[in-house]
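Remarks on the structure that follows.
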Amino acid sequence: MMTDKVRIDSFGANAFNGNNDAFLARQAEFESNVRSYPRKLPLAIAKAHGVWITDVENKQYLDCLAGAGTLALGHNHPDVLQSIQNVITSGLPLHTLDLTTPLKDQFSESLLSLLPGQGKDYCLQFTGPSGADAVEAALKLAKKATGRSGVISFSGGYHGMTHGALSVTGNLAPKEAVDGMMPEVQFMPYPHQYRCPLGIGGEAGVKALTYYFDNLINDVESGVRKPAAVILEAVQGEGGVNPAPAEWLQRIRKVTQEHGILLILDEVQAGFARTGKFFAFEHAGIEPDIIVMSKAVGGGLPLAVLGIKKQFDVWSPGHHTGTFRGNQLAMATGLTTLKILKEQDIAGKVAAQGEWLKQQLAAMQKRFPVIGHVRGLGMMIGIEIVKPNEAADHMGSFPADGELSALLQKKCFEAGLILERGGRHGAVLRLLPSLLITNDELAIFLDKFEQALIGAGVKPV
C-alpha cells in the first residue's frame, strides 16, 4: 500500500502531485470490487459547481450524470449550501430518528403540496435514506393493505439492489447466484418506442401491450393470482430511458383501481421536474396509490420518502423503521430544492430544453446513423447506439451496439463530458444533467458528443 500522506487541509486534492491514477490506485486497494463508476469514469474529483466538475489534475468535465439524477440543481448550488450552513448554526440536532422538528414540519408541508390534489389524500412515510428502502416499504405496505402477496413488475424496470427491490428489477446480471428471490413476482413487457417487445411497434404495439395487461388481470385462467401491487416507472431510467405511453399508463391505473390492486410509481429518478413535469406520471394524468421518492427529494443529500394514499396507510407503529429516516440536513437541502424548482418553474424550462435537444440530436442522427434512436422527456434523454451496417429487424430497428456505446462513453470522458450508459447491452447513452443547465451548456454537450463520435472512428455521412 502507498505510504504517501494525504493532506487533510485540502482533502487530498493536491496529494500525489494531483494525479488521478494515484487516487484511483488507492481506491482500488481500499474498496470492494463492487465499485462501478471509477471503472468507467477514472477521475478523482477536486471540486464541482453547477454542471462542471474539476479533477485533481485541474481538467474540467461537463457533468451530465449529476449523481444519477440526484443533483437537480447541480453541484454546490449556493442556496443549497446556505441551507446546510443554516442547520449547522441553528442548534438543530443532525440526527432525530423520526422525531419532529420545525424543519421536518416545513419540509413535509412543502412536499405534500406537490403531490396530486396538493396532497390532500396523501400522507408521507420517511424511510431509510435510499430509494431501495422506500421500494421495500412500498412493497410491504401493499401486501399488508391488500392481504395478498404477489407483485407485477415490468421488463427493463429498475427499483434497487436490496432483496425485494432487486426481485422486481428487470436486470438479470445482479441476480446471478442470488437464490431465494421474492416469490410471486410476475414480469410483464414494458412499451418501447424503438424495440417493441411484442414485435409490432407503433400505436398498434402500445394497444396490444395495453390489452395484454388488461387480459392478464381479468382472465380467470391466467395462472397469475391477483397481486397486491403493480410497480413501475413512468419513464424507465436504467432500462434505457423508455417513457411509458399515456394510454398504457391510464389503462393500468383503471384496471388496478377496478381490482383493488395498489399502483406503486417509482419516481426515484424521474421525479421532481426532470421530465418536464414535477412527476413523470403527471404526463398521463393519473394518481398512484404509492409514490416512491428519493434522489432529488433530498437536494443532493440522502433522503427517501413515500407518498401514500391515506386509505392504504395501514402500518402499525414501528412496522417499517430506519435509523437514518430523519436526516435534517437533507430535509433542509430538499426544502430549498423544492422551493427553487417550483418558484422558478424549472419543469417548464426543462420541457422546452428537452424538446430542443431531441431535435438537435435527431439532426445529428442523420449524419451519424449509429445513433439509432433518440428518446426521453425533459432532461432525461436516451441515445441508443446501433449497428446501422447490419440488417434491421422487421420493425426497422438495427441491432444494439453495446461495444460502441462503451467506446463512446470513453471518448466523451476524454473530451470532458460525463455520460452514463443503460438499457439492453448498455447500448443507450443517458443524459441526466442538472435541471439548471443552460442552453449554452447544452450546445457544449452537443459539440463534445460529436467530438466523441469522430474520436471513436464514426464517420459522418
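All values below come from the heavy atoms of this structure, side chains included, with hydrogens, waters and symmetry mates left out.
- For the atom pair L329 CG and S83 OG, the distance stands at 8.0 Å (nearest 0.5 Å).
- Remark: the backbone N or O of G201 is not paired with any side-chain donor or acceptor of R195 at under 3.5 angstrom.
- Between E414 and K410, at least one side-chain N (NZ, or NE/NH1/NH2) sits under 4.0 Å from a carboxylate O, which counts as a salt bridge.
- One finds the CG atom of L249 at 8.0 Å from the CG atom of L263 (value rounded to the nearest 0.5 Å).
- By the 4.5 Å heavy-atom criterion applied to side chains, L43 and I53 are counted as neighbours.
- Geometrically, K40 engages Y37 in a cation-pi contact, judged by NZ or CZ lying under 6.0 Å from the ring centre and within 45° of the ring axis.
- Counting only heavy atoms from C-beta outward, the side chains of F324 and L303 never approach each other to under 4.5 Å.
- Sparse packing is recorded around NE2 of H49, with 12 or fewer heavy atoms of other residues, nucleotides or ligands lying under 6.0 Å away.
- Looking only at distances, a side-chain donor or acceptor of N20 sits under 3.5 Å from a matching main-chain atom of A44.
- Using a cutoff of 4.0 Å between basic side-chain nitrogens and carboxylate oxygens, E287 and R253 are not scored as salt-bridged.
- E403 CD: 12 or fewer foreign heavy atoms inside a 6.0 Å radius.
- The shortest distance between side-chain heavy atoms of I291 and P116 falls below 4.5 Å.
- Looking only at distances, a side-chain donor or acceptor of K448 sits under 3.5 Å from a matching main-chain atom of A415.
- Enclosure of atom CD in E203 is not indicated, since only 12 or fewer non-hydrogen atoms of other residues, nucleotides or ligands lie within 6.0 angstrom.
- Taking both residues in full, the closest heavy atoms of A280 and V235 are given as CB-CG2, 4.1 Å, listed atom of the first, atom of the second, then distance.
- The pair K358-E355 meets the salt-bridge criterion, since a charged nitrogen lies less than 4.0 angstrom from a carboxylate oxygen.
- Taking the side chain as every heavy atom from C-beta outward, P129 and R325 never approach each other to under 4.5 Å.
- Side chain of H192 to main chain of G156: no donor-acceptor pair is present (N/O by atom type, distance under 3.5 Å, no hydrogens or angles).
- Annotation: the span from K295 atom NZ to T70 atom OG1 amounts to 4.5 Å, rounded to 0.5 Å.
- Inter-residue side-chain proximity for F272 and F278 is flagged as met; some heavy-atom pair is nearer than 4.5 Å.
- Of the inter-residue distances, the one linking F107 atom CZ with L335 atom CG reads 7.5 Å to the nearest 0.5 angstrom.
- The shortest distance between side-chain heavy atoms of P433 and D63 does not fall below 4.5 Å.
- Ion pairing between E450 and R367 holds under the 4.0 Å rule for side-chain N and carboxylate O.
- Interatomic distance, L114 CG to M293 CE, rounded to the nearest 0.5 Å: 9.0 Å.
- Shortest non-hydrogen contact noted between A234 and Y190 is O-OH, 3.3 Å.
- Looking only at distances, a side-chain donor or acceptor of Y194 sits under 3.5 Å from a matching main-chain atom of F398.
- Judged purely by atom type and a 3.5 angstrom limit, N242 uses its side chain to pair as donor or acceptor with the backbone of G239.
- Between Q360 and L442 the shortest side-chain heavy-atom distance does not fall below 4.5 Å.
- With hydrogens and angles ignored, the 3.5 Å screen pairs no side-chain donor or acceptor of H159 with any backbone N or O of L166.
- Ring to ring, F413 and Y61 are close: their centroids are under 6.0 angstrom apart.
- A ring-centre distance under 6.0 Å is not found for Y212 and W248.
- Annotation: side chain of S155 is not in contact with side chain of M188 (no heavy-atom distance under 4.5 Å).
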Item to check | Audit row: V230, L262, side chain to side chain contact (heavy atoms under 4.5 Å, CB included) steps and yes/no | outcome: CA-CA 6 Å; V230 170; L262 272 63; over 6 Å; no
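- Here CE of M331 is found 12.0 Å from CG of L338. Values are rounded to the nearest 0.5 Å.
- Donor-acceptor pairing under 3.5 Å is recorded for the side chains of S405 and R421.
- Within a 6.0 Å radius of NZ in K339, other residues, nucleotides and ligands contribute 12 heavy atoms or fewer.
- Minimum heavy-atom separation, V350 to L435: CG2-O, 3.7 Å.
- The backbone N or O of D393 lies less than 3.5 Å from no partner atom in the side chain of S397, so there is not a single donor-acceptor pair.
- Applying the 6.0 Å contact sphere to CG of D219 captures more than 12 heavy atoms from other residues, nucleotides or ligands.
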Next on the checklist: side chain to side chain contact (heavy atoms under 4.5 Å, CB included) for L65 and L419? Distances and angles first, verdict last.
Outcome noted: CA-CA 6 Å; L65 177 57; L419 296 176; over 6 Å; no
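- Closest non-hydrogen pair, A229 versus A142, comes out as CB-CB, 3.6 Å.
- Under a cut-off of 6.0 angstrom, the local environment of NZ in K175 is crowded, with over 12 non-hydrogen atoms contributed by other residues, nucleotides or ligands.
- E233 places a side-chain N or O within donor-acceptor distance of the main-chain N or O of Y158, the cut-off being under 3.5 Å.
- Closest non-hydrogen pair, A48 versus N76, comes out as O-ND2, 2.7 Å.
- Of all heavy-atom pairs spanning V292 and A134, the tightest one is CG1-CB, 3.6 Å.
- Dense packing is recorded around NZ of K349, with more than 12 heavy atoms of other residues, nucleotides or ligands lying under 6.0 Å away.
- Heavy-atom contacts from other residues, nucleotides or ligands closer than 6.0 Å to NZ of K140 number more than 12.
- Exactly one residue among E420, E384, E238 makes a salt bridge (charged side-chain N to carboxylate O under 4.0 Å, His left out) with R430. That residue is E238.
- Counting only distance, with no hydrogens or angles, the side chain of Q60 and the backbone of T54 share no donor-acceptor pair below 3.5 Å.
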Next on the checklist: For a side chain to side chain contact (heavy atoms under 4.5 Å, CB included) check, start with the C-alpha distance between L73 and L341, then their side-chain angles and the critical distance, and finish with the verdict.
Outcome noted: CA-CA 8 Å; L73 304 184; L341 292 176; 4.0 Å; yes
Item to check | Pair L432-M380, side chain to side chain contact (heavy atoms under 4.5 Å, CB included): steps then yes or no | outcome: CA-CA 5 Å; L432 291 165; M380 192 171 182; 3.9 Å; yes
